[in-house]
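To start, the structure under review is shown below, and the notes come after it.
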Amino acid sequence: MADRSFEVSRLPGFATVAIAVFVLLYLPILTLVIFSFNSGPSIAVWQGWSLHWYTDAWNNEAVKGATIRSLIIATCASAIATSVATMAALGTTRRAAFGGQTFIYVVINQPLMVPEIVTAVALLILFGVVKQATGYQGLGYLILAHAAFCTPFAYLPIRARLEGMDLSLETAACDLYANPWQTFRHVTLPLLAPGIAAGAMLAFVISLDDVVITEFVKSGGQDTLPTYMLGQMRRAITPEVNAISTALLGLTVVLLTLFFILTRKKN
């Protein structure tokens, strides 16, 4: 008897639609990368190959400052988000089911479900009150804002790793008189390390690429690399922006590749 199981890939026109979607998604990115090597100042007229705009971006003090600031914010925010996400994942997976567990999942993943602009406005109001009360105007607000937004992104791979871990090793450690801290340090944490690393990298990428929350929370002189690029595009677009975008894209691709390697299932 013929196999009548339904497969989307067998539908008429599936391959055509899939190819069209990939072209629409990646052709603009490919165009941006190509024109970042344009020797002329136009972003639409090709005038030959050159690394001129990469050199200009490398020597641009504003770009250097924005890049360093972005890396500091992303590193601190991902560290905070990963720590919080790890504790939340342990608290929601390494215990018996309890009342309100679904509500806690919703609260932790709330930034994923609420439009980013809503989160940005809420953080703007909150930090505005804090700024008036304390007078502090430093990067701490951006770090906390990014950490709050990135926590669910770090939580998901960590929780997935915990749910896929066999409890027998932890149970065996307890049977051998290991206390909870020893069990966590010598058994749970080494097994959980790939999930923590994956969550940290995902949080880092999300923080590094964020524009909306940064635009609302930042104070004067606190441009990150994405907000600097946005400001440049409002004035005059040059291939220097393409060069910066290509470098940022390359970093993101490397980190997401590492994330995929760490989270893929091994047979």
Compare every heavy atom of [Y] with every heavy atom of [X], then report the nearest pair and how far apart it is.
X: Leu208; Y: Pro226; value: O-CG, 3.2 Å
X: Pro41; Y: Pro239; value: O-CD, 3.2 Å
X: Ala147; Y: Ala81; value: O-CB, 3.6 Å
X: Asn59; Y: Lys64; value: CA-CE, 4.4 Å
X: Pro190; Y: Pro194; value: O-CD, 3.9 Å
X: Glu240; Y: Val63; value: OE2-CG2, 4.1 Å

Answer yes or no: is there a donor N or O on one side and an acceptor on the other, between the side chain of [X] and the main chain of [Y], under 3.5 Å?
X: Asp210; Y: Thr214; answer: yes
X: Ser39; Y: Trp49; answer: no
X: Arg161; Y: Leu191; answer: yes
X: Thr75; Y: Ile72; answer: no
X: Trp53; Y: Val241; answer: no

Salt bridge flag under 4.0 Å for residues Arg69 and Asp223: no
Would you say [X] and [Y] make side-chain contact, with heavy atoms under 4.5 Å?
X: Ser36; Y: Ser245; result: no
X: Val187; Y: Gln182; result: no
X: Leu71; Y: Phe204; result: yes
X: Val84; Y: Tyr155; result: no
X: Leu123; Y: Leu144; result: no
X: Thr55; Y: Trp58; result: no
X: Arg159; Y: Ile108; result: no
X: Ser207; Y: Ile73; result: yes

Item to complete: Please assess Thr224 against Lys218 for the test side-chain contact (heavy atoms from CB on, under 4.5 Å), listing each intermediate value before the final yes or no.
Response: CA-CA 9 Å; Thr224 60; Lys218 72 181 179 70; over 6 Å; no
Drop me the distance from [X]'s [atom1] to [Y]'s [atom2], to the nearest 0.5 angstrom.
X: Leu124; Y: Thr119; atom1: CG; atom2: OG1; answer: 12.5 Å
X: Leu255; Y: Asp209; atom1: CG; atom2: CG; answer: 9.5 Å
X: Leu142; Y: Gln222; atom1: CG; atom2: CD; answer: 5.5 Å

What donor-acceptor contacts under 3.5 angstrom involve side-chain atoms of residues 127-137, with partners at least two apart or in another chain?
from   : atom 1 : to     : atom 2 : distance (Å)
Lys131 : NZ     : Val217 : O      : 3.3
Lys131 : NZ     : Ser219 : OG     : 3.1
Thr134 : OG1    : Val130 : O      : 2.8
Thr134 : OG1    : Tyr136 : N      : 3.3
Thr134 : OG1    : Tyr141 : OH     : 3.4
Tyr136 : OH     : Gly140 : N      : 3.2
Gln137 : OE1    : Ser219 : OG     : 3.3

Besides Leu27, the hydrophobic cluster formed by Ile, Leu, Val, Met, Phe, Trp and Tyr side chains linked at under 4.5 Å, directly or via other members, contains Ile19, Val23
Can a side-chain donor-acceptor contact be found between Ser78 and His146 if the only test is distance below 3.5 angstrom? no
query: Strictly by modelled atom types, are Ser70 and Tyr228 linked by a side-chain donor-acceptor pair under 3.5 Å?
result: no
* To do: Show your reasoning for whether side-chain contact (heavy atoms from CB on, under 4.5 Å) applies to Leu189 and Ile196.
  => CA-CA 9 Å; Leu189 186 58; Ile196 294 175; 3.7 Å; yes
Do the side chains of [X] and [Y] join up, straight or via other hydrophobic residues, at under 4.5 Å, putting them in one cluster?
X: Phe37; Y: Ile34; result: yes
X: Val211; Y: Phe149; result: no
X: Ile29; Y: Leu25; result: yes
X: Ile104; Y: Met87; result: no
X: Ile206; Y: Leu249; result: no

Check your understanding: Around Trp46, counting heavy atoms of other residues, nucleotides and ligands shown, do more than 12 lie under 6.0 Å from its CH2?
Key -> yes
Item to check | Full working for side-chain contact (heavy atoms from CB on, under 4.5 Å) between Leu112 and Phe153 | outcome: CA-CA 8 Å; Leu112 295 176; Phe153 292 95; 3.1 Å; yes
side-chain contact (heavy atoms from CB on, under 4.5 Å) test vs Ile158 passes for just one of Leu202, Leu90, Thr86, namely Thr86
